[in-house]
Every structure is written in structure tokens, then in C-alpha cells.
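Throughout, a chain's letter reflects where its sequence line sits, starting with A, and its residues are numbered from 1. Only this structure's heavy atoms are used, side chains among them; waters, hydrogens and symmetry mates stay out. These numbers were taken from a predicted model, which means no experiment stands behind them.
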Number of protein chains: 2
Amino acid sequence: MKPKDEQKQEAIQQAALQCIFEEGIAGLKMESIAKKAQVATGTVYVYFKNKDELINHLFLRFKRSSILALEAQIDVKQPFKVNFRQLWYSYMNFALTNPAQATLLEQLHRSPYLSQEARQEAEKLLEPIRQLLNEGKQQQLVKPVDNELLLAFLSGSINQLARRSYEMGFELTPLRLEQAFAMAWDGIKS
Amino acid sequence: MKPKDEQKQEAIQQAALQCIFEEGIAGLKMESIAKKAQVATGTVYVYFKNKDELINHLFLRFKRSSILALEAQIDVKQPFKVNFRQLWYSYMNFALTNPAQATLLEQLHRSPYLSQEARQEAEKLLEPIRQLLNEGKQQQLVKPVDNELLLAFLSGSINQLARRSYEMGFELTPLRLEQAFAMAWDGIKS
DNA sequence: ATTTTAAATGAAAAAATATTCATTTATATT
DNA sequence: AATATAAATGAATATTTTTTCATTTAAAAT
């Protein structure tokens, strides 16, 4: 018996990820994925029942890994601003070093492929971060506004900045990152 | 001679806009557009050479109108902060009252349909806003950082906030809008 | 070494979608 | 009112893309 090839399985996923990055979800073709993964078109169907299943698998995989990695950064023993800075940089770093993953998550977030359950799971994953923001508010370090406002403000600006960086080749030097962080911090601090 | 029906032309565009809002660019079909516009499939081709042209036309139309409406808000006689507030609220208002347009612009920005020329024109349209930010920096009201940083910071946070508002039903009350504006202003001010 | 099993292949079929076009219909011009 | 012209139609055709499947290949089990 010939077993499934884990490397091939991974190659297909990476190829799909790359294809979405290059052409968007609208241009995603099974043939392109196979070609990029250097397998035959039919091979993709050995690992994924169909295109839909492949896409949903990718979304859940990358959504979970990105948010869990983020939360692992929180250290309750550290002062609020240290944790905040750590989180901000981790998120920015994820978006910058994994543009394809960031693009995939963004593209799928608003698409008929994504199930309601997946949305809810993603929402729940943010709980520890809301918690951190609450502590910042209790310590009167953060503006007394809804977490929704804070989260949208932070994630929106980070994602957009990362996007500009890899779309327009705008280099985010350490100086610029520190400037961007200062904007985020000044924005939320009370 | 039968002239082209301007209302039909508009109906097709509105239908396409609505289709993209409902199913994303990935699910956009000429047949769906025609059905929603209540015309025959072939009629769409009377007004647009093909799908590509329709999509690019929509992108440029809404990009131009949204940005030009913004720029009309700038009044050089007013102090910087007055102009900035006016711009921030206009942009937020656009994103909140035209979710379909905002979604279309966001979805098309990263799709294989969009031509390079369309992208470049969109970039040029931002010039007057860059100009305003430059003045803010000259007056030492705005942090001395690249316009790219400022624009990404502002547009990213506004878009994300508007998106959360109409996706999750998070109501942006006048108080919350003022709080969000304060975050933006505190973020960019030096 | 042989057998067994499932992966891998890629051409072909199926399905989905875009586009065309012969025909009909509506409107401006004469 | 008749004519000319282009819009409008939607079925037919073309094209693109997904999915299947008969066949080959590779690895594990015997």
C-alpha cells in the first residue's frame, strides 16, 4: 500500500496559499494549484474532496495558528504596555512575514465559503486579547471605550500597513515600525 | 435609432455592485447581474464589452466618486484640524452608508480582473490628501512620518471599523464615532 | 519476490460560465 | 407612416474550469 505523502499534502496547501496571494480567491484554479505544487490535477483530489473543502481547510488552519500564536505572547506578569507592545509587534510581524496567509484570511473572511461556525470560533479566539484590553482600561492606561472600537482600530491599521508594505513595496524599516507602533499606542492610550 | 437606456446601464452597474456585496468577487456571474438588473444576459454586453471591462469600470467609477467627494471637503482656508476632522468623518460616513461600494473597492483591489492602469489612477487620486497631510506636518501638528504610514493607519482603521459595524451589527453611535475620531487624531498628532 | 493496495497521473467528461449572434423590438429620423 | 438603426433578447456556442476515472506507478505487507 502506498501511503499519502505528507510533503505532497503540504505542497498542495502551500501552492493554494500562494495562488490566492497572487490572484485572489476569484482567480483560484485547481489546475494552477496543481501546477505550482508540481503534481497532476487529479492528485489534488486525493487529498481534498473538492475545491470547497480545500479552501475551508486552509482558512481554519491558518486562522487558528495565527491567533493562537498571538495569544501565546501574553504574559500576565508583565505590565500592560509591555504586553501591548509585544502583541502589536507579533501581529504586525505575522502580517509582514506571512502576507499570503494574511491575504487568505482577509479574502475568505468576506466570502460565501466561510461558515458561521468558523466566524464564531475566530471571535472566541480573541477573548484573551479583549481581556488584556480590559486590564488596560482598569489601570486607566487605555481610553474607556468599547473593545470593538479598540480591536478594529488596531487590527485595521496593522493589516492595512502590512498590505501596503507588500503590495506597493513600502519597506517597513525598524524606524517606521516604531513610528507605526507609536501611532497605535497614542491612539488607544487615555 | 434606439438609443441606449441610461437607466438600464445604471441598473446593470447597481446589480453588479449588489452581487459583489452579496457573494464577493469570486462568485460574480454575468447571468446573476443580468437577472438582478432584470435584463437579458446579452444586454449586459450592449453596455460593457465583457466582464473585465465591467469590473474595471465599476472600480474606477466608485473609486473616483468616493475620493473626489472626499477631496471636495477640503477647504484650504480652514485650520488643519478642521479639515482633518471633516475628512475623517466624510470617509467614515462613506464607508458606513455605502457598504456595497466599500466592499467592492476592497474586493477588487486584490483581484486578477483589475488592470494596472486602474490601480495607478486610484493611487493618483490620493494626491490632494497627501498634500493636506504634508501641511499638517509643516505646521508640526502631525507626526513627522511618511504619508504612507499615515494613510494606511487612517484608512485601515476607518475601513475596519465600518466593516465591523455592518458585518457584526456594531452600532456606531455619535459617541463611539467621536471616540474613534479621537483615537485617529491622537494617533497622528505629534 | 509476489501480491495487494492506494497514490499518482493526465486525458476526457462534466459542469459552470462567458460570449456571440440571428432575430425581434423599440425609437429616432425622414 | 415608412424606414433605418441600434437596443434587446435568450438560445446557442465557445470557453474555461472542475471533477472523474481508467490506467500506471510506488510502497507496504505477505
Side-chain angles (χ1 to χ4, degrees), chain A residues 1-59 103-104 107-108 110-115, chain B residues 1-61 104 107-108 110-115 118:
Chain A
M1 186 199 70
K2 190 177 175 182
K4 286 193 182 175
D5 183 339
E6 235 170 83
Q7 291 192 317
K8 205 158 283 182
Q9 148 94 337
E10 179 62 17
I12 289 166
Q13 292 188 47
Q14 290 299 329
L17 180 62
Q18 197 58 27
C19 283
I20 291 174
F21 183 55
E22 286 168 10
E23 306 206 73
I25 185 73
L28 187 66
K29 292 172 197 79
M30 296 302 260
E31 201 192 341
S32 315
I33 295 170
K35 185 173 279 180
K36 200 181 277 288
Q38 302 194 67
V39 298
T41 318
T43 306
V44 179
Y45 289 85
V46 171
Y47 294 90
F48 298 95
K49 199 166 125 257
N50 53 37
K51 189 177 174 181
D52 223 69
E53 196 179 279
L54 167 59
I55 288 174
N56 277 285
H57 176 90
L58 287 170
F59 176 81
T103 299
L104 180 144
Q107 292 251 318
L108 292 200
R110 177 157 206 83
S111 84
Y113 296 112
L114 197 58
S115 70
Chain B
M1 185 198 77
K2 191 176 174 182
K4 286 193 182 173
D5 184 339
E6 235 170 82
Q7 292 192 316
K8 205 158 281 182
Q9 148 94 336
E10 179 62 17
I12 289 166
Q13 293 189 47
Q14 290 300 329
L17 179 63
Q18 198 56 28
C19 283
I20 292 173
F21 185 55
E22 286 168 10
E23 305 206 72
I25 183 71
L28 188 66
K29 292 169 198 83
M30 294 302 259
E31 201 192 340
S32 314
I33 295 170
K35 186 174 276 180
K36 200 181 276 286
Q38 303 195 64
V39 297
T41 318
T43 306
V44 179
Y45 289 84
V46 171
Y47 294 90
F48 298 97
K49 198 165 128 258
N50 53 37
K51 189 177 174 180
D52 252 59
E53 197 178 278
L54 168 59
I55 288 174
N56 277 279
H57 175 91
L58 287 170
F59 177 80
L60 280 177
R61 171 187 170 177
L104 178 144
Q107 293 255 316
L108 292 205
R110 190 160 200 84
S111 85
Y113 299 109
L114 202 59
S115 70

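Counting heavy atoms from C-beta outward, A:Lys36 and A:Gln18 have side chains that approach closer than 4.5 Å.
Between the CD atom of B:Gln7 and the P atom of C:dA26 there is a distance of 16 Å, rounded to whole Å. As rounded to whole Å, 15 Å separates atom C1' of C:dA7 from atom CZ of A:Phe48. Distance, B:Ile25 CD1 to C:dT17 P: 14 Å, rounded to whole Å. Rounded to an integer number of Å, the gap from B:Asp52 CG to C:dT17 C1' is 14 Å. Between B:Glu31 atom CD and D:dT15 atom P there is a gap of 19 Å when expressed in whole angstrom units. Summarising the geometry, the separation between NZ on A:Lys4 and P on D:dA28 is reported as 16 Å, rounded to the nearest angstrom. Rounded to whole Å, the distance from CD1 on B:Ile33 to P on C:dT17 is 12 Å. We find that CD of B:Glu23 is positioned 14 Å from C1' of C:dA16, with the value rounded to whole Å.
Each of D:dA8, D:dT19, C:dA8 was ranked by its minimum atom distance to the side chain of A:Asp5; first place goes to C:dA8. For A:Lys29, taking side-chain heavy atoms from C-beta onward, the closest of the listed nucleotides D:dT20, C:dA18, D:dT17 is D:dT17. If you check C:dT17, C:dT9, D:dT19 against the side chain of A:Asn50, the one that comes closest is D:dT19. Candidate nucleotides D:dT9, C:dA18, C:dA7 were compared by shortest atom distance to the side chain of A:Val46, and C:dA7 ranks first.
Between B:Met30 and B:Lys2, the residue whose closest nucleotide on DNA chain C is further toward the 5' end is B:Met30. Mapped onto DNA chain C by nearest heavy atom, B:Thr41 and B:Pro3 fall at different nucleotides, with B:Thr41 at the one closer to the 5' end.
Heavy-atom contacts from other residues, nucleotides or ligands closer than 6.0 Å to CD of B:Glu53 number more than 12. The environment of CD in B:Glu31 is sparse: at most 12 heavy-atom neighbours from other residues, nucleotides or ligands sit within 6.0 Å. The number of heavy-atom neighbours closer than 6.0 Å to CD of B:Gln38, taken from other residues, nucleotides and ligands shown, is 12 or below.
Look at B:Tyr47 and you'll find a side-chain N or O under 4.0 angstrom from OP1 or OP2 of D:dA8. Proximity of A:Lys8 to the phosphate of C:dA7: no side-chain N or O atom is located under 4.0 Å from OP1 or OP2. Regarding contacts with the backbone of D:dT9, a side-chain N or O of B:Thr43 is found under 4.0 angstrom from either OP1 or OP2.
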Could you go through the side chain to side chain contact (heavy atoms under 4.5 Å, CB included) check for A:Ile25 and A:Ile55 one step at a time?
CA-CA 9 Å; A:Ile25 185 73; A:Ile55 288 174; 3.8 Å; yes
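In this structure, B:Leu54 reaches neither bases nor backbone, as no heavy-atom distance under 4.0 Å exists between it and the strands shown.
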